[in-house]
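In what follows, residues are counted from 1 in the order of the sequence shown. Since we're looking at a predicted model, the values are computed, not measured.
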Amino acid sequence: MALPAPAPARVFAELVPAQAPTPLTPAQAGRGGPPAPSGREVHVSGSAELSAGPDRARVSVRLGSRKEAAGAARSSVTRRLEYIAQAARQRGVPEENMTVTEDFNRVENTYQMEAEVCIVFSDFGKMQNVCNLLIEKLGTSVTISPPHFYHTPEAVDALRRQVCVAAVGNTQRKAQEVCQLFGQSLGKPLLIREEETREWGGHAESHLPNSPDLLTLQERMQNATAYASCRVFAVFEIKGKENRRNKLL
């Protein structure tokens, strides 16, 4: 998916000589009112775009057994469930990140036991180690689904904050460069307004296979990457070099 062209940057600067401040009335002076603004301002819009890869992956391990005796069916599944849980714990997966569901049925003259283990990983290297071990030790007696990558709400909130702060920083730097171009000094911000935010996900190149089962691990991670952009508008005070020298004196 081709990304939309960024909106053109807008810079407006007012560099007319500062007017003398309007004298305060006795009532204003008694209240300690601030002096009138100088009217020397720079108006700048800026933007930023950031991305964040998924911070969680969920893997499903399915297994089952069909025996003439109910105890044999249960025992076969239980032994493998214990091995799966032990392998995950030994590699640092907390107990609360594993969910086990079981289903026991009678099919004709046999007993069928099925189970599914859902494991949530925050470390993708550990995820690969656990999956590789289960495939090596349990073989075709288990079916491991491809990992489902996703973001926690905390990760999404962090991305939103980071892109907004980055946009404000870019805007401030742009205003600083504009002032330097005209031999002026950037003053304090008078207004900062968030004008537009966008969020989207998916592979930017749109070259992924149609079937999810054909995706590589890296393609799955990129397909789950979250993107966010932010555009802000800011107004800064302009301070002339001469006024700055006087203030220092």
Side-chain angles (χ1 to χ4, degrees), residues 1 51-159 199-228:
M1 177 180 68
S51 64
D55 63 326
R56 293 290 188 275
R58 184 172 59 250
V59 173
S60 174
V61 183
R62 295 184 297 274
L63 58 153
S65 178
R66 189 170 178 176
K67 305 286 186 179
E68 294 183 357
R74 287 184 179 275
S75 176
S76 174
V77 173
T78 301
R79 287 196 305 269
R80 282 174 285 168
L81 284 177
E82 292 175 350
Y83 183 83
I84 293 170
Q86 180 183 13
R89 284 195 300 266
Q90 289 178 346
R91 282 151 187 82
V93 178
E95 192 74 33
E96 59 268 22
N97 285 12
M98 292 183 282
T99 304
V100 179
T101 57
E102 300 179 0
D103 184 31
F104 186 76
N105 292 302
R106 181 175 176 86
V107 181
E108 297 177 350
N109 295 326
T110 62
Y111 294 90
Q112 180 171 292
M113 177 76 173
E114 294 182 337
E116 181 179 18
V117 184
C118 289
I119 310 175
V120 176
F121 294 90
S122 57
D123 187 320
F124 300 155
K126 292 181 180 179
M127 176 194 70
Q128 290 181 284
N129 290 338
V130 170
C131 292
N132 292 341
L133 177 66
L134 296 180
I135 292 174
E136 177 185 353
K137 299 299 183 180
L138 300 180
T140 57
S141 68
V142 296
T143 301
I144 302 178
S145 68
H148 170 69
F149 294 100
Y150 63 97
H151 294 80
T152 59
E154 294 79 9
V156 175
D157 288 340
L159 177 61
E199 298 177 14
W200 68 98
H203 198 288
E205 301 298 330
S206 299
H207 293 325
L208 297 179
N210 293 328
S211 174
D213 294 336
L214 300 179
L215 300 180
T216 65
L217 190 64
Q218 290 297 327
E219 288 172 336
R220 291 178 184 278
M221 293 179 62
Q222 187 164 4
N223 199 38
T225 297
Y227 299 84

Are any non-hydrogen side-chain atoms of [X] and [Y] less than 4.5 angstrom apart?
X    : Y    : value
L217 : M127 : yes
V59  : V117 : no
L133 : R91  : yes
S65  : R80  : yes
V100 : E102 : yes
Q128 : P147 : no
I84  : L138 : yes
M98  : C118 : no

Could you tell me the separation between the [atom1] atom of [X] and the [atom2] atom of [Y], rounded to the nearest 0.5 Å?
X   : Y    : atom1 : atom2 : value
N97 : R58  : CG    : CZ    : 11.5 Å
L63 : L81  : CG    : CG    : 5.0 Å
S51 : Q222 : OG    : CD    : 9.0 Å
R62 : S145 : CZ    : OG    : 6.0 Å

| message | Ring of F104, cation from R74 - is the NZ or CZ under 6.0 Å from the centre and inside 45° of the axis? | response | yes
message = For F121 and V93: C-alpha separation, side-chain torsions, deciding distance, then whether side chain to side chain contact (heavy atoms under 4.5 Å, CB included) applies.
response = CA-CA 7 Å; F121 294 90; V93 178; 3.6 Å; yes
By ring pair (Phe, Tyr, Trp, His ring centres under 6.0 Å), Y150 pairs with (sequence neighbours left out) H148
Taking all non-hydrogen atoms of both residues into account, name the closest pair between [X] and [Y] and its distance.
X    : Y    : value
A87  : L134 : CB-CD2, 4.3 Å
I144 : C131 : CD1-O, 3.8 Å
V77  : G64  : CG2-C, 3.9 Å

Item checked: side chain to side chain donor-acceptor pair (under 3.5 Å) assessment of R220 paired with T216 -> CA-CA 6 Å; R220 291 178 184 278; T216 65; over 6 Å; no
* What's the verdict on side chain to side chain contact (heavy atoms under 4.5 Å, CB included) for T143 and V61, showing C-alpha distance, side-chain angles and the deciding distance? -> CA-CA 6 Å; T143 301; V61 183; over 6 Å; no
**Report entry** Main-chain N/O of R56 paired to H151 side chain as donor or acceptor, under 3.5 Å
**Finding:** no
For residues 105-123, the side-chain hydrogen bond (donor to acceptor under 3.5 Å, both in side chains) pairs (sequence neighbours left out) are S60-E116, R66-T110, D103-N105, R106-Y111, Q112-E114
